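Please read the structure below before turning to the comments.
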Amino acid sequence: MVTLSVPVAVVMPWLALLLISVLAARLIHLLLMRWNSSSPYKVAGAAAARLPPGSRGFPVIGDTLEFFSQSPSLELVPFFKRRLERYGPIFRTSLFGEDLIVSMDKELNNLVFQREEKLFQIWYPESVMRIFGADSIISKLGSFHRHMRSLVLRLFGPENLRLVMLHDAQRTVQTSLLSWLNQPSVELKEATASMIFSITSKRLISYDSSNSDGNLWKQYDALFQGMLAFPLYIPGTAFYKCMQGRKYVMKILRKMLDERMRAPHRESVDFLDLLIDDLKEEKHLMNEKIALDLLFLLLFAGFETTSSAITATVKLLTDNPKALQELTEEHENIRKRRVDPDSEITWEEYKSMKFTSHVIHEALRLINIAPIMFRKATEDVHVKGYIIPKGSKIMINPSTVHLDPTIYQDPNAFNPWRWKGTAEPVSGASKEFMAFGGGLRLCVGSDFAKLQVAIFLHCLVTKYRWNVIKGGTMVLSPGLQFPGGFHIQLLPKA
Ligand code: HEM
């Protein structure tokens, strides 16, 4: 008989390893249980039972990894979808090292915006604040916040849009489209980002992309990636790259500000001049750091979001010939009514673009450019049977409402006609449509963004046609991304 005897010296290390693994797994399990059952919220007893349901995920990283998992298309990302099914629209989680209460509920979202600076207050994670600056408009409250908004509206409010930006946008869009004509392929997201940056930076800081090194906007590229990363300032991390971009842009802005401050008298021509005038007004609380952080945010907020909106709208129209046809007819009809068909778009013509407006709203609903916003509760808030304790950090997610089949029939379909006859959110927001946020902090550039998309579409469909070369896939992660870009070839209209 043959006995299979394995030497003890061989078996022992394996047994020891097995034992250590079992103990380690048990320890991790216990730590996880403890982490998840411990609560950062200062409520006890019956009140603790009324906290929204949820878990804290893994220690330190929480649920962050799952949060960034992609949706296969423009559908609700798995992170929100799974929790909606499991907990409902209000739940607890932990992301980027922060314990959060998440609201995907239209009533709570609305309550947060309507009771801003009463029950809730602006709060953003550390990574975002370090990128936009501690003195950014998103850190300001009360009358000074309102003052900052009124300054921005001098540039992006209806009056200046009508008198200045409508013309500016048309010129830059026309020049850009013409320059794409002879190219075999244009990556639309990058090309429109550069175009929007030209429109915005001209009036903000008199920046001329064609004369300068032209790459200032590229410094903002890394910003999106770093915004929701862990604030780890170590070479190689997304956050580090992002902060390097900020440093570079801030250096340029600081130099411009210093030069202008030193210059004798200068007529006010751009937003930087307006800020300098405000700096000189002693009664206001404006200082150089606040002014620079505001410029930095406006340069970024304008081009990244609007270029995504344009690229996505063109892609959605490409895939929906019927919508493209109706849109084209609207713009052809505007041309036909003019004495000179090639004359500039007037304000009245812009305001008459009803179907275009439906297309823009429908695209914004689907693509969820700003899928999350943050606030903090300044009081205990009782809502929908839950308690949101004072001090809780809240993440608002409007995408779930935008993609709710009980509000929008067949919500994943691009259907601009659904807005026909319905009251589009005139002020820019409603409980069902929060692409631009709401309340006191409603996007101050929303009208400007919509104007630029409309002008772009007018110039595009009246003068050009296009072939898709490659790409065009759109995914949410949870922000909108174009993984392979969207490459088109622009051709003159026959
Ligand atoms: C499609 C384009 C855009 C989208 C989807 C968008 C979205 C948003 C959202 C959701 C908010 C609210 C954030 C919050 O409540 O925490 C916001 C705020 C803001 N947006 Fe936009 N935005 C767009 C374009 C622009 C443009 C073109 C500008 C200016 C050039 C701009 C400047 C700002 C500023 C300064 C704020 C902060 C307002 C405040 O704190 O009072 N945005 N935006």
Side-chain angles (χ1 to χ4, degrees), residues 103 109-110 112-114 116-117 120-125 128-129 132-133 135-157 160-161 165 168-169 192-193 195-205 217 220 224 227 271 290 293-313 360-361 363-376 393-399 401-402 425 428-429 433-456 479-480:
S103 168
N109 292 353
N110 192 49
V112 173
F113 290 134
Q114 297 314 316
E116 178 114 36
E117 296 194 10
F120 302 92
Q121 185 173 305
I122 188 110
W123 169 86
Y124 268 85
V128 178
M129 291 317 292
F132 287 135
D135 273 310
S136 144
I137 185 169
I138 57 172
S139 70
K140 302 296 172 220
L141 300 170
S143 58
F144 189 59
H145 170 240
R146 285 197 296 281
H147 172 65
M148 286 177 87
R149 282 181 71 94
S150 72
L151 286 178
V152 178
L153 285 171
R154 302 250 295 264
L155 188 61
F156 299 129
N160 209 47
L161 290 186
M165 303 312 283
D168 273 16
T192 50
M195 177 187 82
I196 299 292
F197 193 77
S198 296
I199 302 173
T200 316
S201 60
K202 181 178 166 210
R203 291 291 166 187
L204 281 173
I205 52 174
W217 72 272
Y220 280 94
F224 236 40
M227 239 165 45
F271 188 70
I290 300 175
D293 277 347
L294 180 58
L295 276 178
F296 180 85
L297 179 83
L298 288 175
L299 281 168
F300 173 73
F303 90 94
E304 179 56 44
T305 48
T306 315
S307 59
S308 290
I310 292 179
T311 308
T313 307
I360 296 171
H361 278 96
L364 289 173
R365 178 189 71 80
L366 272 177
I367 62 180
N368 286 297
I369 293 175
I372 49 175
M373 288 164 258
F374 294 90
R375 297 294 188 268
K376 206 173 187 168
K393 291 154 183 170
I394 299 159
M395 183 167 94
I396 299 152
N397 165 250
S399 342
V401 177
H402 291 167
F433 183 81
M434 291 192 169
F436 292 109
L440 289 180
R441 300 221 169 233
L442 179 77
C443 175
V444 78
S446 60
D447 287 339
F448 179 43
K450 286 189 273 187
L451 175 109
Q452 291 177 99
V453 183
I455 301 297
F456 182 85
L480 177 67

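Numbering of ligands and ligand atoms starts at 1, following listing order. In this text, all values refer to a predicted model and were calculated from it rather than measured experimentally.
Residues Phe113 and Arg375 form a side-chain contact, since some pair of their non-hydrogen atoms from C-beta on lies under 4.5 Å apart. The shortest side-chain heavy-atom distance between Phe433 and Leu364 falls under the 4.5 Å cut-off. Residues Asp293 and Ile137 have side chains not in contact (no heavy-atom distance under 4.5 Å, counting atoms from C-beta outward). Within the 4.5 Å cutoff, no side-chain heavy atoms of Met434 are placed close to those of Val401. Between Phe374 and Lys393 there is no side-chain heavy-atom pair separated by less than 4.5 Å. Residues Glu117 and Leu141 are in side-chain contact: their nearest non-hydrogen atoms beyond the backbone lie under 4.5 Å apart.
Nearest non-hydrogen protein atom to atom 37 (C) of ligand 1 is Ile137 CG2, 4.3 Å. Scanning the protein heavy atoms around atom 40 (O) of ligand 1, the nearest turns out to be Arg441 NH1, 3.0 Å. Ranking the protein heavy atoms by distance from atom 7 (C) of ligand 1 puts Ala435 O, 3.6 Å first. Nearest protein neighbour of atom 30 (C) of ligand 1, counting heavy atoms only, is Phe156 CE1, 3.4 Å. Considering only non-hydrogen protein atoms, atom 38 (C) of ligand 1 sits nearest to Arg149 NH1, 3.6 Å.
If you number the atoms of ligand 1 from 1 as listed, the ones under 4.0 Å from a heavy atom of Leu297 come out as 35 (C). Set against the non-hydrogen atoms of Leu298, the atoms of ligand 1 under 4.0 Å away are 30 (C), 35 (C). The atoms of ligand 1 that sit less than 4.0 Å from any heavy atom of Thr306 are 27 (C).
Residues passing the ring-ring contact (aromatic ring centres under 6.0 Å, His included) test with Phe448, sequence neighbours excluded: Phe156.
Within a radius of less than 2.8 Å around atom 21 (Fe) of ligand 1, the protein N, O or S atoms are Cys443 SG.
For atom 13 (C) of ligand 1, the nearest non-hydrogen atom from the set Phe448, Phe374, Tyr124, Phe271 belongs to Tyr124.
Residue His145 touches ligand 1 through its side chain alone, judged by heavy-atom distances below 4.0 Å. Counting heavy atoms under 4.0 Å from ligand 1, residue Met434 does not touch it at all.
Not a single heavy atom of Val152 sits less than 4.0 Å from an atom of ligand 1. The shortest separation from a heavy atom of Arg375 to ligand 1 is under 4.0 Å, placing the residue in contact.
Judged by distance alone, with hydrogens and angles left aside, the side-chain atoms of Ser307 form a donor-acceptor pair with the main-chain N or O of Glu304 at under 3.5 Å. Between the side chain of Asp135 and the backbone N or O of Ile290, no donor-acceptor pair lies under 3.5 Å. Side-chain atoms of Thr200 never come within 3.5 Å of backbone atoms of Phe197 as a donor-acceptor pair (strictly under, hydrogens ignored). Put simply, the side chain of Arg149 gets close to the backbone of Leu440: a donor and an acceptor are under 3.5 Å apart.
In summary, the aromatic rings of Phe132 and Tyr124 are positioned with their centroids too far apart to meet the 6.0 Å limit.
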